[in-house]
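Worksheet for the structure shown next.
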Amino acid sequence: MFSSYDGLCTIGELAEHAGVSVKTVRFYSDRGLLPEASRSAGGHRRYAPEAVDRLGMIRSLRGLDVSVPEVRRILDEQDEQDDGAGAGGALEDAVAGRLRSLGSELAALRWREAALRLVQESPPAERPGRLRLVGAVAAPPSTASLARFWRSWLPPRMPARSVTAFLEAAVPHPPEDPRPAQVLAFARLHAYVTRPCGGGGSCQPRAHGVAGARASAVLYAGLAEAYDLAGGELRRGAEPCPGEALDGFVDAYASTYDARDTSAFRRVLAGRLAADPRIDRYWDLTAEVISAPGSRPEPTPGSAHDWLLAALDTQLGMTAGLGGAPGVAPGEGPADAAPSPGADVPVGERAVSAR
């Protein structure tokens, strides 16, 4: 391949044959990626013919932005395979890593594009405020602030598995290809959880101090099942009504406090839940983040809670109209059917002391 008597080439010849600069060849050679075959009497580098293919492999990998350490691992693995050793996965790992990295970079670019369009399409008077909102959110956006909010709000010592399950339902993941309205909703959500109580202290409901860690886990597991069922009803556009979802919702509270599910218990529960402080803003913004623009809002734990509470009110209204509750045994009274008027009933995901 080369004109020299021993088949080796100089660094200049290798660079010319590969179409790169001498400086590039020297860079890879100094880092051990391109071994020298020997040195001339004058101390000049000389390379074997296979250096051309090796240099081509290096350039291809670097062209795909594979890091120098990863290139070294791939070449070392290739050398081992040539020596008869078992094949490894260095190349596969490097490609998979670059794809993950590119996915993150593309997500960041899509988010920035949507954020810029939001600012561009906003009325001039609103642009500075919206620019500050979206500028406070990383690209691609992180949900860490939302998770921190809920971790500080959930009952103390709640089992880690229960916390994780709740966070999966309560923390919205920004869309991969967001619209400007979704960027604005997420930025507002981030701003909301940063100061949900206006800086006035913890948002944790007082009722969380009533139930222990185990009881809290039972409550939230039951609520999660009820919210899933109610979410299905919401997707169908069903009006709030008694049924399996409502029964599971009430049972979650009754089981937590070792109470009987009676008409008296349901009346007390409905009154307490209706009077709880609310964080509607969080759930409204969450629905905007996860719903495709122009489509029916996706259900959230908050909208499911509203649907269930409305279903409970509907059932109580029907019961009052009929003068009693079907399925309630004679003799059941408030003393054995519901918490005392001064007792705390846990508020679920919908309520929080937000000012």
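All of these numbers come straight from a predicted model, not from anything done at the bench.
For the side chain to side chain contact (heavy atoms under 4.5 Å, CB included) with P180, the lone residue among V119, V134, L118 that qualifies is L118. Under the salt bridge (charged side-chain N to carboxylate O under 4.0 Å, His left out) test applied with E36, the options R45, R46, R54 reduce to a single match, R45.
A donor atom on one side chain and an acceptor atom on the other are not found under 3.5 Å apart for R26 and S29.
Hydrophobic cluster membership is shared by V95 and L64, with clusters built from Ile, Leu, Val, Met, Phe, Trp and Tyr side chains linked at under 4.5 angstrom. There is no path of hydrophobic side-chain contacts, each under 4.5 Å, that joins L184 to L116. No path of Ile, Leu, Val, Met, Phe, Trp and Tyr side chains, each step under 4.5 Å between heavy atoms, connects F249 with L229, placing them in separate hydrophobic clusters.
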* Take R148 and S145 through the side chain to side chain donor-acceptor pair (under 3.5 Å) test and state the conclusion after the steps. => CA-CA 5 Å; R148 281 195 300 271; S145 62; 5.0 Å; no

* **Residues Y282, W150; criterion ring pair (Phe, Tyr, Trp, His ring centres under 6.0 Å); working and verdict** => CA-CA 11 Å; Y282 180 93; W150 286 115; 5.1 Å; yes

* To do: Take E168 and T164 through the side chain to side chain donor-acceptor pair (under 3.5 Å) test and state the conclusion after the steps.
  => CA-CA 6 Å; E168 289 177 357; T164 299; over 6 Å; no

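Other residues, nucleotides and ligands place no more than 12 heavy atoms under 6.0 Å from the CD atom of E244.
Between V289 and H173, the shortest heavy-atom distance links the atoms CG1-O, 4.4 Å.
Taking the six-membered ring for Trp and thresholds of 30 and 60 degrees, F166 and W153 have nearly parallel ring planes, at less than 30 degrees apart.
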